[in-house]
Amino acid sequence: MVLEGVYKVRSIDEVVELLEKYRENAKIIAGGTDIVIALRNEKITPKVLIDISSIDELKSIKDEGEFIKIGAGVTFTKIVESSLFQKNLWGLYKACRLVGSPQIRNKGTIGGNIANGSPAADSIPPLICLGSTITLASKNGKRKVLLEEYYKDKANYGMKEDELLVSIDFKKPTENRVLSFAKLGLRKALAISRISIATFLELDKKGQVTTIRVASGSLGKYPMRELEVEEFLCGRKLNERTIDEAIKVVQQSMDERLKGRSTLPYKRVAVESMLRESIGDGIKFLDGVRA
Amino acid sequence: MRLDVVGKNLIRVDAYSKVTGKALYPQDIYIDGMAYGKTLRSEKPHAYIKVDTREAEKLEGIIKIFTYKDVPKNSHGVVFKDHEVFCEKKVRRIGDPIAFVVGESERVCELALKKIVVHYDELEGVFDPLLAMDENSPKVHESGNIMYHYKIRKGNIKEGFKNSHAIVENTYKTHMVDHAFLQPEAGVSFIDDKGRITIMVATQYPHYDREEVAANLNLPQDQIRIINTNVGGAFGGREDISLQTHLALAVYTLKIPVKVIYSREESFIAHSKRHSMIMKCKTGADKDGKLLAMKAVIIGDTGAYASWGTNVLRKAGVHITGPYYIPNVVVDSYAVYTNNPFAGAMRGFGVTQVPIAHEQQMDILAEELGMDPVSIRMINMFGKGSVTATGQVLTESVPLEECLEKVVEGMDFYHREEEAK
Amino acid sequence: MKKRGKGIGISFYGTGYGNGFPDVSKAKLRLHDNGKIGIYVGATEVGQGAKTALLQIGAEILNLSTENLLFISEDTSLMPDSGTAAASRQTYNTGNAIKIACENFKDKLIEISKEELGLNSTHGLMVEKGEIYLEFFLQKRISFKELVNKYGDGTIEAEGEFIAQTVEMDPETGQGAPYWPYTFNACGVELEVDTLTGRVEILNVRFAQDVGRAVNPRLVEGQMDGGFAMALGYALFEDLNLVKGQIKSNKFSRYLIPTAMDMIDVEKILIEDPEPTAPYGAKGIGEPVMIPVAPAILNAIYDATGVRILELPVTPERLRKAMDTKKNEGNFNMELNALKR
Amino acid sequence: MKDIKLNVNGKDYTLNVDENIKLLGLLRDELGLTGAKEGCGEGECGACTVIMDGETVNSCLVMAFQADGSNILTIEGLEQNGELHPIQQAFIDVGAVQCGYCTPGMIMSVKALLDKNTNPTREEIREGISGNLCRCTGYNKIVDAAELSIKYLEEGRR
């Protein structure tokens, strides 16, 4: 790699100015935990690097009452250490805690996780479940995109070469709703997820599902909602039987989506454990709230 | 015996330098005016090659590119000299060294690697050691693919199985793995004040390195000096020569210090691997669980080069019985060439692989005979005076029973047996 | 569902190059200016603790504290050849060479001291704490420093050589005495298998290792922990992913070795039963500590799940597949046409 | 080339660095601080771990220019006036060192952990060093060393 220019900038305005100027020749670097590897392996060969890790505006987590807004430059460690993600948002806490290693969590950012868009990115399924919106900025102003749509329809919603991911925001769930997360890795640290499942759940007094969102990682080209399962479970009571059924529904979706992949036979059975863990943890939390 | 020092937990003599970061590994050594070296390696597992370095040599900052033509004696190896320092006509595995670029910086060396043109005339490769044993398979070396065959013939195997009450037969397979020591290979060479070619490297055996380098350069051994730095783990992976001869050749020719550092990726393809093995085992025991016979075939994939293949497969063959007295034993252990990465020494040296077979065989036999895994071992295991399958008498220091007892003591292995009853 | 199981593995391991090949270690001792003794030996410190353990053997024989010893083992222009740091042979082989060299060196010091002290015989002369003295008349004494001042730096020296006794095996029957000494061990593992994901979690380990005699018990324990971890990786995680001779997992993000979170505390038991031909009875254990672990894990997996995994590594996929098909995974037919010749 | 200012082990530096080099290269090749090692170049092994503004980082994944304005602590900065840091002493005393290549990074991770959590459990210690691979020790004596460090540090505070 041969870089011609590097910029350590202090404001979003500076970034968008530089992006406008260098376009496809520029790459944004924050934590560097993905991009430096890509540079090393010559997967990307930008001429210019723009370091956004010193922009204070991107590094804060804001509790805005109804919403929580996370700057794109917030590290996983910061999320893990924040008190905001301890109760019914602990699915996000858990996902961030299971990222790589302490060193990776200290540098890696939630914005980087989103922008890199790996199907195995740990933080994305929980954020999708929360109905998160991301804000992208360019010289021409800002636009907001639903995170889920961002991956689904890259042509229309994906990031343009002159855009910077600025923040992620989502509505704070009410007390009777919970976000949970489960990850399957090959070892206990430094593990890339083989499967991850996030669940956002609300139950009524009888234990019937009133709201559910399920999102998966590593089960497709990008992290995505598992709509068939959601549809199946919505309005039902969660018990052994319905969860067994739900597992079959996920497996059917996977059979279509991952047809012909060598990893399918294993993943379709292992997904059971992840879905059980994720939904089970959610139920356990809500039972605690009601008790 | 009263002992003052032996048996005591002395602090390691190298601990201070290691906790302070002062301990030097080859990558930590910098010499003024040194050049850097990078190795061009084969990208094909089996091919005839033609190499053109002309374009690369024109790059500014490139000092010299070494190929087979520059090596006085182009063969090496711990047992058989079947490795080439740089491949001349044929590559036998991905990663075979073809050329060594010396330049003013690592970056220019990397550029030069991309400009060297290697024309590969690909040959059919063989990657499965079973297939490789077939006479009609492609030959990795002229001599044929079966590199070594070790045999044990003890007692009367037919009689042994005939008298057996239970016989179990299974085929086990272990895979090639890497030593994954934390410090990738690196080294620095220079001419010392007495004019000797001096190589600072992390190696398991400096005197062997000296011998090999001297032979390749066709120089007397006292003209070569190997200095071992701190070694960042080895586990067998630093026994074969890697960059020593490249460094020696460069400093001998150019008379300037040269440094080489391998990346992790290069380390993976540069050094040996643990032999993968296929082990077919047939074990027979009488009603009481006494072992009567074992017949075993072991096929070890030594990859493209012999390295320690003979010794590893011999050691595997000697140990395949497990630590048990068996009166009738037939073992055939083979080392086979393929176009896989070459396999050599790794912690256990063939003995790490064989218990995957013999220890599972013991449990399977125990189950067939309605015994527990501890008892079947206790009645068969070596003790003082036992005779091994090679006829060796274990005269002293055979505390195996004590080992097993201490383990079982804290784990309650018999309990499950009682539950089952 | 989680299923638990226990398993044992036991093993023996023959030390050294073996098979009658001359397994030679050499050591040289020299008396230096400051009264310190230099041990010159080509035994590589690869992290196993060779420098420390071998120094302990030397110090014991010379009746000196290790601070008064120098250990020179890095430079081929300075030290004799002591063979490779492999085959678990350094403690036994080179330890013996050092022991012999130290004894020869002591004899030499005593011989010189006899002359220096004007004695008729070497009888009663002792070497201890940097001095040679007559044990029944303590006024007759001379220090290492005095000797070196008189004779010069490095001139008083002695050598030692040890060759292990092995017998080449018969090429047709394999009969012979290929290695010596043999080292023994046993490992017990308790683990839990997640039957849904096929993941294996080690819960409890007891590991007993025959050491002959532990020169430095803490170093032995370090080897046992390390051997266990390497075997854990061998059994469960590590895979080069070879495809047509190409290593696909050629980096640490793909070639997975255990992390601190995958490891477990190991109950380590050192069994001492000194080997008569070894220095103070000490055997090498660097390799043996890896050997019984993987089979113990495999036997425990069977105990937990009822399926035998005949092929390494036991990846979650492989284990899950075996549990699904209730078939021993990896039990292939070995049709060996090549062998029928 | 890019001008940067940073503080390493309490010393201020003003440097003109190549755009392409990493913090690890800067420390080793330019400043001669070779305690941090490269083991993988992709943030997996942690041999290059240093403390940057109070948190551990893999210095192989930080571009040198990004370190402008930062405070870096490396293994060379732990020993003060010839006295070892309690964590270094603990590593020596329990025998947590074998080949030593992972040791500097490992010690920096233990330090960062104990800076944040003065009394971690063994499990928390394992998590704290989970970004540092070691092939020799099986980690157990390193966990022991971290536990002993807790004791040494407490004694030091008293």
Side-chain angles (χ1 to χ4, degrees), chain B residues 5-6 9-10 12-13 45 93-94 127 133-134 151-153 171-177 180 204-207 210 225-228 231 233-234 239 264-265 268 280 318 323 339-340 345 347-348 351-352 355-356 359-360 363 373 377 390-392 396-397 399-400 402-404 406-407 410-411, chain C residues 8-13 42 44 46-47 51-52 56 59-60 74-77 81 84-86 169 173-178 184-186 188 206 208 210 212 215-218 234 238 240 244-247 250-251 257 269 271 273 275-276 280 287 290-291 295 298-299 310-312 330 334 338:
Chain B
V5 194
V6 166
N9 288 323
L10 241 71
R12 290 179 68 106
V13 293
R93 65 169 182 119
I94 292 169
F127 306 100
M133 292 176 88
D134 193 301
K151 291 181 252 186
I152 296 181
R153 300 288 181 268
T171 304
Y172 302 86
K173 199 173 174 185
T174 65
H175 58 317
M176 265 193 189
V177 290
Q204 281 175 253
Y205 191 3
H207 285 88
R210 183 176 69 173
R225 182 180 171 204
I226 307 287
I227 300 176
N228 220 347
V231 182
E239 291 207 24
R264 175 58 55 188
E265 289 86 341
F268 263 102
K280 185 177 186 174
V318 169
N339 296 109
N340 283 324
R347 201 180 206 173
V351 190
T352 305
I356 302 302
E359 285 306 272
Q360 295 205 81
D363 272 28
R377 285 176 173 81
T390 72
Q392 187 168 6
E396 291 283 351
S397 187
L400 183 55
E402 199 184 345
C403 287
L404 185 54
K406 289 280 182 204
V407 165
M411 287 195 94
Chain C
I8 320 174
I10 69 175
S11 79
F12 75 130
Y13 176 86
T44 299
V46 292
K51 270 189 184 178
T52 310
Q56 283 180 259
E60 188 68 56
E74 283 95 12
D75 188 333
T76 53
S77 70
D81 186 346
T84 178
M169 294 180 283
T173 65
Q175 296 302 293
F184 306 87
N185 54 24
R206 284 178 71 82
D210 154 36
V215 175
N216 185 321
R218 196 187 278 140
Y234 184 47
E238 293 172 32
L240 290 167
K244 289 208 177 282
Q246 188 180 12
I247 300 170
N250 65 341
K251 45 180 83 177
I257 66 172
I269 305 146
I271 306 291
D273 182 351
E275 156 59 35
Y280 297 101
E287 291 171 278
M290 177 168 182
I291 296 169
L298 289 163
N299 282 335
L310 304 178
E311 183 174 358
L312 290 185
M334 202 163 70

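To find a chain, count down the sequence lines: A is the first, B the second, and so on, and within it residues start at 1.
C:Ile10 touches chain B through backbone and side chain together, each having a heavy atom under 4.5 Å away. B:Pro323 touches chain C through backbone and side chain together, each having a heavy atom under 4.5 Å away. Within the 4.5 angstrom heavy-atom criterion, atoms from both the backbone and the side chain of B:Glu396 approach chain C. Interface residue B:Asn339: only backbone heavy atoms are found under 4.5 Å from chain C. Of the two parts of B:Ala180, the backbone and the side chain both hold a non-hydrogen atom closer than 4.5 Å to a non-hydrogen atom of chain C. Interface residue B:Arg225: backbone and side-chain heavy atoms are both found under 4.5 Å from chain C. Both the backbone and the side chain of C:Ile8 come within contact range of chain B, with heavy atoms under 4.5 Å apart. For B:Arg12, the parts lying under 4.5 angstrom from a heavy atom of chain C are both the backbone and the side chain.
In terms of modelled atom types and a separation under 3.5 Å, the side chain of B:Arg377 and the main chain of B:Glu359 share a donor-acceptor contact. Side-chain atoms of B:Thr390 never come within 3.5 Å of backbone atoms of C:Ala177 as a donor-acceptor pair (strictly under, hydrogens ignored). C:Asn185 places no side-chain N or O within donor-acceptor distance of the main-chain N or O of C:Ala208, the cut-off being under 3.5 Å. Using modelled atom types, one side-chain atom of B:Thr352 and one backbone atom of B:Arg347 make a donor-acceptor pair closer than 3.5 Å.
Per-residue heavy-atom pair counts under 4.5 Å with chain B were compared for C:Gly42, C:Gly9, C:Pro178, and the maximum is reached by C:Pro178. Contact tally against chain B (heavy-atom pairs below 4.5 Å) for C:Leu298, C:Ile257, C:Asn250: the top residue is C:Asn250. Comparing C:Pro217, C:Ala59, C:Ala85 by heavy-atom pairs within less than 4.5 Å of chain B, the highest count is held by C:Pro217. The candidate with the highest count of non-hydrogen atom pairs below 4.5 Å against chain C, out of B:Leu404, B:Asn340, B:Val13, is B:Val13. When each of B:His175, B:Gln204, B:Arg264 is checked for heavy-atom pairs under 4.5 Å with chain C, B:His175 comes out on top. Across B:Ala234, B:Pro45, B:Pro206, the residue that shares the most heavy-atom pairs under 4.5 angstrom with chain C is B:Pro206. Between chain C and the residues B:Gly233, B:Ala345, B:Gly348, the most heavy-atom pairs under 4.5 angstrom are made by B:Gly348.
How far CD1 of B:Ile226 is from OG of C:Ser77: 10.5 Å, rounded to the nearest 0.5 Å. Atom CD1 of residue C:Ile269 and atom CD of residue B:Glu402 lie 10.0 Å apart, to the nearest 0.5 angstrom. Put simply, CD1 on B:Ile356 and CG on C:Asn299 are 9.5 Å apart, with the number rounded to the nearest 0.5 Å. Interatomic distance, B:His207 NE2 to B:Asn228 CG, rounded to the nearest 0.5 Å: 10.5 Å.
For the residue pair C:Tyr13/C:Glu287, the side-chain donor-acceptor check at 3.5 Å is satisfied.
If you run side chain to side chain donor-acceptor pair (under 3.5 Å) between B:Tyr205 and each of C:Asp81, C:Thr84, C:Thr44, only C:Asp81 comes through.
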